[in-house]
Amino acid sequence: MAVFDYRQAQEIRDALARHQVRYLFIGKSGAVLLGFPDTTQDADLFVDKSPENGRRLIEALREIGFALTDEQASDVERGKDFVQLKSGPFDVDLVFAPDGIEKFQDAWRRHVDVEGFPVCHLDDIIASKVASNRRKDLESLPRLRAFREYWLQQRGD
């Protein structure tokens, strides 16, 4: 199983920027970009839900090398709550309605910029994992919460 890495994050950031896609890294990939010492298998992206943003995202994903089916492209354009892509150079989970976060605009106001990577605030990442109530997410919460204290101290919050 491949591990998500910085080079892949750069590919995503650069292609989505070229196509002016509004999105945030979320989930463990977002936490890793914030400095959380762990690994993950895929990139998790919280995408602003609009047909226009979805079309730009489809173009960017195809540019990176994703072979989207017509059904996947339709799901992305309409902003289906969750779209998992395994048909590209790495795995990406597109989340248009993450658990625990009501609106993209709210998360965007709180987001953190890390070397040009738009990343959900760690509090939103944690809230989403709590709300998902999935076992693997709940198991990572103690480590994420401990990291949160360190992260806030480093930021001076």
Side-chain angles (χ1 to χ4, degrees), residues 2-50 52-54 56-61 63-66 76 79-86 88-134 136-157:
V3 175
F4 178 71
D5 65 26
Y6 189 79
R7 179 194 55 76
Q8 294 164 346
Q10 287 176 309
E11 279 187 63
I12 291 168
R13 177 196 63 197
D14 296 347
L16 273 59
R18 282 191 297 276
H19 291 273
Q20 301 177 337
V21 177
R22 287 184 44 88
Y23 75 101
L24 296 164
F25 281 91
I26 194 170
K28 203 182 279 186
S29 61
V32 167
L33 287 169
L34 294 173
F36 183 56
D38 205 342
T39 60
T40 186
Q41 307 305 315
D42 54 21
D44 300 306
L45 305 179
F46 178 12
V47 183
D48 191 13
K49 186 176 180 172
S50 78
E52 182 180 328
N53 198 51
R56 291 191 302 256
L57 177 57
I58 292 163
E59 291 174 17
L61 290 168
E63 179 182 302
I64 294 170
F66 283 87
V76 170
K80 181 179 176 186
D81 287 356
F82 181 79
V83 180
Q84 190 171 54
L85 301 176
K86 295 181 176 286
F90 44 84
D91 294 348
V92 174
D93 290 345
L94 305 175
V95 187
F96 291 89
D99 295 321
I101 303 173
E102 287 199 30
K103 297 181 199 166
F104 180 86
Q105 292 75 9
D106 294 340
W108 182 261
R109 275 195 298 278
R110 295 184 293 266
H111 91 278
V112 179
D113 183 82
V114 180
E115 298 176 18
F117 297 101
V119 182
C120 278
H121 191 282
L122 191 55
D123 288 344
D124 283 331
I125 292 171
I126 290 170
S128 181
K129 290 196 172 290
V130 168
S132 77
N133 206 30
R134 293 184 318 172
K136 72 175 193 171
D137 289 335
L138 296 176
E139 289 172 351
S140 69
L141 282 173
R143 291 180 298 116
L144 274 170
R145 287 182 172 133
F147 173 71
R148 179 186 180 276
E149 297 308 314
Y150 166 80
W151 183 73
L152 290 174
Q153 287 176 347
Q154 295 302 306
R155 289 173 39 101
D157 289 354

Does the pair Asp99 and Lys129 meet the rule for a side-chain contact (heavy atoms from CB on, under 4.5 Å), with working shown?
-> CA-CA 7 Å; Asp99 295 321; Lys129 290 196 172 290; over 6 Å; no
Distance, nearest 0.5 Å, that separates [atom1] of [X] from [atom2] of [Y]:
X: Arg148; Y: Ile126; atom1: CZ; atom2: CD1; answer: 6.0 Å
X: Asp124; Y: Asp106; atom1: CG; atom2: CG; answer: 8.5 Å
X: Asp5; Y: Gln10; atom1: CG; atom2: CD; answer: 9.0 Å

Applying side-chain contact (heavy atoms from CB on, under 4.5 Å), run through Asp137 and Val130 and close with a yes or a no.
-> CA-CA 7 Å; Asp137 289 335; Val130 168; over 6 Å; no
Establish, yes or no, whether the cationic atom of Arg110 lies under 6.0 Å from the six-membered ring centre of Trp108 and within 45° of the ring axis.
-> no
Evaluate the criterion side-chain contact (heavy atoms from CB on, under 4.5 Å) for residue pair Leu16 and Leu57; output intermediate values, then yes/no.
-> CA-CA 7 Å; Leu16 273 59; Leu57 177 57; 4.0 Å; yes
Closest heavy-atom contact between [X] and [Y]?
X: Arg13; Y: Glu115; answer: NH1-O, 2.8 Å
X: Phe66; Y: Pro89; answer: CE1-CD, 3.9 Å
X: Phe147; Y: Leu122; answer: CD2-CD2, 3.6 Å
X: Ile12; Y: Ile64; answer: CA-CD1, 4.1 Å
X: Pro118; Y: Gly116; answer: CD-O, 3.4 Å

So, do [X] and [Y] sit near enough that their side-chain heavy atoms are less than 4.5 Å apart?
X: His111; Y: Phe117; result: no
X: Asp91; Y: Gln84; result: no
X: Val95; Y: Leu45; result: no
X: Asp113; Y: Val119; result: no
X: Phe4; Y: Asp42; result: no
X: Val92; Y: Lys86; result: no

In terms of heavy-atom contacts, does OH of Tyr150 have more than 12 from other residues, nucleotides or ligands at under 6.0 Å?
-> no
Is the number of heavy atoms from other residues, nucleotides or ligands within 6.0 Å of CD (Glu102) greater than 12?
->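 No, the 6.0 Å shell around CD holds no more than 12 heavy atoms from other groups.
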Taking only distance into account, with no hydrogens and no angle test, what donor-acceptor pairs under 3.5 Å do side-chain atoms of residues 20-37 form with protein atoms, sequence neighbours excluded?
residue: Arg22; atom: NE; partner: Asp48; partner atom: OD2; Å: 3.2
residue: Lys28; atom: NZ; partner: Asp38; partner atom: OD2; Å: 3.3
residue: Ser29; atom: OG; partner: Ile26; partner atom: O; Å: 3.2
residue: Ser29; atom: OG; partner: Asp44; partner atom: N; Å: 2.9

Where do Val76 and Leu94 land on the side-chain contact (heavy atoms from CB on, under 4.5 Å) test, with the steps shown first?
-> CA-CA 8 Å; Val76 170; Leu94 305 175; 3.7 Å; yes
Test salt bridge (Lys or Arg N to Asp or Glu O under 4.0 Å) applied to Lys49 - qualifying residues, sequence neighbours left out =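 With neighbours one apart ignored, the set is empty.
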Trace of the salt bridge (charged side-chain N to carboxylate O under 4.0 Å, His left out) decision for Glu63 with Arg18 = CA-CA 10 Å; Glu63 179 182 302; Arg18 282 191 297 276; 2.3 Å; yes
Has the side chain of Ser128 got a donor or acceptor atom that lies under 3.5 Å from a matching backbone atom of Ile125?
->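 Side chain of Ser128 to backbone of Ile125: no pair is present.
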Got a salt bridge between Arg145 and Glu149, using NZ or NE/NH1/NH2 to carboxylate O under 4.0 Å?
-> no
Determine, using ring centers only, whether Phe104 and Phe46 are less than 6.0 Å apart.
->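 Judged by ring-centre distance (under 6.0 Å), Phe46 and Phe104 do meet the cut-off.
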Test side chain to side chain contact (heavy atoms under 4.5 Å, CB included) applied to Thr39 - qualifying residues, sequence neighbours left out = Val3
